[in-house]
Visitor: 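There's a structure below that I have some questions on.
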Amino acid sequence: MTGKLRRRKESAGPAGRPRRIGWRLEMLLLALLLAAGTLLLRAGYRRYMQAAYPLEYSEYVEKYAEYYSFEPAFLYALIRTESEFDPGAVSRAGAMGLMQLTEDTFLWAQSRSPEAEDLPADELFDPETNIRYGTMVLSLLREEFGDTRTLLAAYNAGIGNVRKWLADPACSDDGETLRDIPFPETAGYVEKIPAAAEMYRELYGL
């Protein structure tokens, strides 16, 4: 019996080491596979989100963002929300192009432009013209309202509505910023644009 026990003990050592080494290798390989899978998932998610938040018409966006002192992320977010980067988009209200300007707004912006242009409404389907005048409109609204949330409300619902809301104590405490926005679409709009802009910053480091 002593001889049998000795043989069992002797065989346990050499046989045990390879099993321990094999287990460790398996765990290491599993960890590497999990890490690689995580990286692939992240890369796939990033590609998916970048497709959902594209950087189209970047030449014009960056040019007029710089000229009018806006963040490119803010303009990309607005264009994505307004038209999903479709230069031929037309809304039920007749707003046209990438930044969805109505003919009346276009005429008003042209009257305020240093160039004093007299362009027909169908020029709003030209991407550069639309982005140039859309960003100009944002700049003019910023001059009057200052607060980003309020200027976005004016861009979506119109200057007249925002002036009325600012004068209403039920909507504004100070006459300069909006506490409540009566139009549900506009209330959602002023939250949607900053959220989309933040997504652009995260995805592209803008």
Side-chain angles (χ1 to χ4, degrees), residues 53-168 171-172 176-178 180-197 200:
Y53 291 81
L55 292 179
E56 296 188 35
Y57 305 103
S58 58
E59 177 185 356
Y60 307 135
V61 169
E62 292 177 17
K63 176 181 177 179
Y64 293 109
E66 181 179 3
Y67 185 83
Y68 288 104
S69 299
F70 282 103
E71 268 192 289
F74 180 75
L75 294 189
Y76 283 122
L78 191 141
I79 294 170
R80 178 184 183 273
T81 302
E82 288 286 353
S83 67
E84 295 185 349
F85 294 91
D86 177 6
V90 180
S91 75
R92 287 174 295 179
M96 294 172 272
L98 293 168
M99 295 182 72
Q100 290 289 277
L101 299 176
T102 63
E103 184 174 0
D104 287 344
T105 301
F106 187 37
L107 291 172
W108 172 70
Q110 288 187 74
S111 72
R112 301 289 298 272
S113 170
E115 288 84 2
E117 294 178 306
D118 185 20
L119 302 174
D122 60 8
E123 283 294 315
L124 287 171
F125 296 115
D126 173 68
E128 181 173 12
T129 300
N130 194 285
I131 292 172
R132 175 161 65 99
Y133 275 97
T135 312
M136 182 193 299
V137 169
L138 288 172
S139 180
L140 292 170
L141 294 175
R142 182 176 55 192
E143 287 177 11
E144 177 165 354
F145 299 110
D147 175 67
T148 299
R149 190 168 181 270
T150 309
L151 79 84
L152 283 173
Y155 193 90
N156 179 259
I159 294 174
N161 282 319
V162 170
R163 285 175 179 163
K164 182 174 64 176
W165 297 339
L166 289 173
D168 185 352
C171 299
S172 176
E176 296 180 0
T177 57
L178 293 169
D180 294 314
I181 297 175
F183 293 177
E185 178 189 334
T186 304
Y189 182 86
V190 301
E191 303 298 332
K192 187 183 295 184
I193 302 295
Y200 270 104

Visitor: Please round to the nearest 0.5 Å and tell me the distance separating atom CG of Leu78 and atom CD of Gln100.
Guide: 10.0 Å
Visitor: Among residues two or more places apart or on two chains, list those pairs meeting ring-ring contact (aromatic ring centres under 6.0 Å, His included) that have a residue in residues 135-168.
Guide: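 Every ring-ring contact (aromatic ring centres under 6.0 Å, His included) pair that includes a residue of residues 135-168, provided the two are not neighbours, is Trp165-Phe183.
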Visitor: Quick check for you: to the nearest 0.5 Å, what is the distance between Ser83 atom OG and Ile79 atom CD1?
Guide: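 It is 6.5 Å, given to the nearest 0.5 Å.
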Visitor: Using a 4.5 Å cut-off on heavy atoms from C-beta on, say whether the side chain of Leu178 contacts that of Arg149.
Guide: yes
Visitor: Atom CD in Glu56, atom OH in Tyr76: separation rounded to 0.5 Å?
Guide: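 With rounding to 0.5 Å, CD (Glu56) is 9.5 Å from OH (Tyr76).
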Visitor: Closest heavy-atom contact between Ser69 and Arg142?
Guide: O-NH1, 3.0 Å
Visitor: Could you tell me the separation between the OG1 atom of Thr177 and the CG atom of Leu166, rounded to the nearest 0.5 Å?
Guide: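 So the gap between those two atoms works out to 7.5 Å.
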Visitor: Please name the pair of heavy atoms, one in Ile193 and one in Ala77, separated by the smallest distance, quoted to 0.1 Å.
Guide: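 For Ile193 versus Ala77, the nearest heavy atoms are O-CB, 3.5 Å.
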Visitor: Does the side chain of Glu115 reach to within under 4.5 Å of the side chain of Gln110, using non-hydrogen atoms?
Guide: no
Visitor: What is the minimum heavy-atom distance between Thr150 and Val162, and which atoms define it?
Guide: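 Looking at all heavy atoms of both residues, the shortest contact is CG2-CG1, 3.7 Å.
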Visitor: Look at the rings of Phe85 and Tyr57 and say which category their plane angle falls in: under 30° parallel, 30 to 60° tilted, over 60° perpendicular.
Guide: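 The rings of Phe85 and Tyr57 lie parallel, inter-plane angle below 30°.
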Visitor: Less than 4.5 Å apart, any side-chain heavy atom of Leu98 and any of Ile131?
Guide: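 Yes, close enough: below the 4.5 Å cut-off.
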Visitor: Applying side-chain contact (heavy atoms from CB on, under 4.5 Å) to Met96 and Phe106, what does each step give before you reach the verdict?
Guide: CA-CA 10 Å; Met96 294 172 272; Phe106 187 37; over 6 Å; no
Visitor: Taking all atoms of both residues into account, what is the closest heavy-atom pair of Leu141 and Leu151, and its distance?
Guide: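 Closest approach of Leu141 to Leu151, heavy atoms only: CD1-O, 3.7 Å.
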Visitor: Would you say the side chain of Leu75 lies within less than 4.5 Å of the side chain of Tyr68, judging by non-hydrogen atoms?
Guide: no
Visitor: Scan residues 125-140 for pairs that pass side-chain hydrogen bond (donor to acceptor under 3.5 Å, both in side chains), counting only residues two or more places apart or in two chains.
Guide: Lys63-Glu128, Tyr64-Glu128, Glu117-Arg132, Glu117-Tyr133, Asp126-Thr129
Visitor: For the atom pair CG (Leu138) and CG (Leu152), what is the distance rounded to the nearest 0.5 Å?
Guide: 7.0 Å
Visitor: Looking at Leu124 and Leu101, what are the two nearest heavy atoms and their distance?
Guide: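 Minimum heavy-atom contact is CD1-O, 3.5 Å.
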Visitor: Looking at every non-hydrogen atom in both residues, tell me the closest pair between Ile181 and Ala187 and how far apart they are.
Guide: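 That closest heavy-atom pairing would be CG2-N, 3.8 Å.
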Visitor: About how many Å separate CG of Asp147 and CD of Glu176, when rounded to the nearest 0.5 Å?
Guide: 9.5 Å
Visitor: Checking side-chain contact (heavy atoms from CB on, under 4.5 Å) for the pair Asp86/Glu84: CA distance, chi angles, key distance, verdict?
Guide: CA-CA 6 Å; Asp86 177 6; Glu84 295 185 349; 5.6 Å; no
